Amino acid sequence: MKMWSGRFSQGPDAEFEQWQRSFPFDRVLLPYEVAASKAHASALAQAGVLDGDELAATLFALDQIGHEGVPEADEPAIEDVHHYVETRLVELAGGVGHKLHTGRSRNEQIATDLRLYVREQIDEVTRLLAQFASAFVSQAEAAGDSAMPAYTHLQRAEPVLVAHWMLAYVEMLLRDIDRLSDCRKRLNVCPLGSGAVGGTILPLDREAIAAELEFDSPAANSMDATSDRDFAIEFVQALSFVALHLSRWAEEFILFSTTEFGFVKLPEQYSTGSSAMPQKKNPDALELIRGKAGKVFAEATALSIGMKGLPLAYNKDLQETQQPVFSAAQQVSGMVRVATGFMGTVEFNYVRMQQAASCGFMNAQAAAAYLVRQGTPFRRAHELIGKAVRLCVEQSCELEQLSKDDYVLCGIDADQQFYSALALKEVLAIHNVPGGTAPARVRGSLQTAKEKLSQYFGVAHACT
Ligand code: ARG
């Protein structure tokens, strides 16, 4: 039975009718539709619309609908998930099922279902991100004091600890978690009781409905509550940041797994071969993560564009906001899962990284810093060490291989301490500030990261 046929003298065009349905995709909202319907039924009983037996029969049938789940095959006569639950309720509980829609509207239902869906996805993605971040923490611990080059402009810049590099990603992921939790705070108000647009016509206890569904409070304005999709946009934008970070990570690992870099050994479980070239091991997992990121940005854009022209309050355009949310959530969960598996199995060539960290004049800044400590103004020290580097380039050697006489030519008095200052260990140690790569600082940062992550696992050292 249709939900709205009385006013019409003829049915809709068959093609239009099928085309406007949302049940093929909003079926994923069934658990939330059932929960919201149960809360509404209880409020109806309190308001005297359902008697005790009717409430019990309604709740029993709604639970059964929840257990059954949606039918495997699409049902072309069903318009949307709200229609499905009401239809099935009448099948299971009889005529009492026709009372459930008293004092409510699908406009508030979809706004509620979608909020519940997003809330659950936020919790799920947060859990997945915490696991992913833990994989970085474990790798950072395994790397010990191994060093690698850090790049600026993709040119060797300064040596850093491998652990320091890993912890850079942990910071990004912690911000992603924070953005999701911020979004969760704002979305957690309950539209139920808003009716179609002006508020329900029954004296329903909105506080009780909100509490039953674990919302913080009822939404404050019925027009806003039934037409707001900020929470959906914010969620997908927060997911865009996750996708962006995953994509940068994937790109860097692709690069570092090339023979030219040779820092990363691709795990076979996350690589594929070539049908043509027998020698190939390709970083498909990473490439697909990089590729899928673009789709998540597209969903965020689709939502903003879809919303920007909508006058208050509900418009059917809002039905189109569902799929971008579902799609982005699924894409990102899949990406984070695969990325976590990858990080748990990937191996690093620490020897090669350490070698790369020890050459290419990455001690030049430390050399200049030494001269500064001896009283040379920095600009002058920069110039002098620059000359020394030029000499090294001519002689194809490193700064520590220039002789004392070579340094005299550059205007530098290179004593034993100067040469000591060029050693990798010393170069790392002088970055001794909070957030710097000096080993003691990195150990501190690692501990802080573990503590921050432990709140998502309930144990202090979840990642060791
Ligand atoms: N399937 C619809 C949606 O997703 C439910 C709300 C329909 N409301 C209406 N007034 N036609 O938006």
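Since the model is a prediction, treat every value here as computed from it, not as a measurement. Whatever order the structure lists them in is the order used to number ligands and atoms, beginning at 1. Only heavy atoms go into these numbers, but all of them, side chains included; no hydrogens, no water, no symmetry mates.
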Is the distance between the ring centroids of [X] and [Y] less than 6.0 Å?
| X | Y | value |
| --- | --- | --- |
| F231 | F235 | no |
| F348 | F256 | no |
| Y151 | F261 | yes |

Inset, instruction - Taking the six-membered ring of Y32 (Phe, Tyr or Trp), confirm whether the NZ or CZ of R119 is under 6.0 Å from its centre and within 45° of its axis. - result: no
Inset, instruction - Answer yes or no for R179 and F241: cation-pi contact, defined as NZ/CZ to six-membered ring centre under 6.0 Å and angle to ring axis within 45°. - result: yes
Legend entry - Pocket residues of ligand 1, ordered first by chain and then by residue number (heavy-atom cut-off under 4.0 Å): S22, D80, H82, R106, N107, I110, Y314, Q319, Q322
Inset, instruction - Could you tell me whether K2 and E17 make a salt bridge, using a distance below 4.0 angstrom between a side-chain N and a carboxylate O? - result: yes
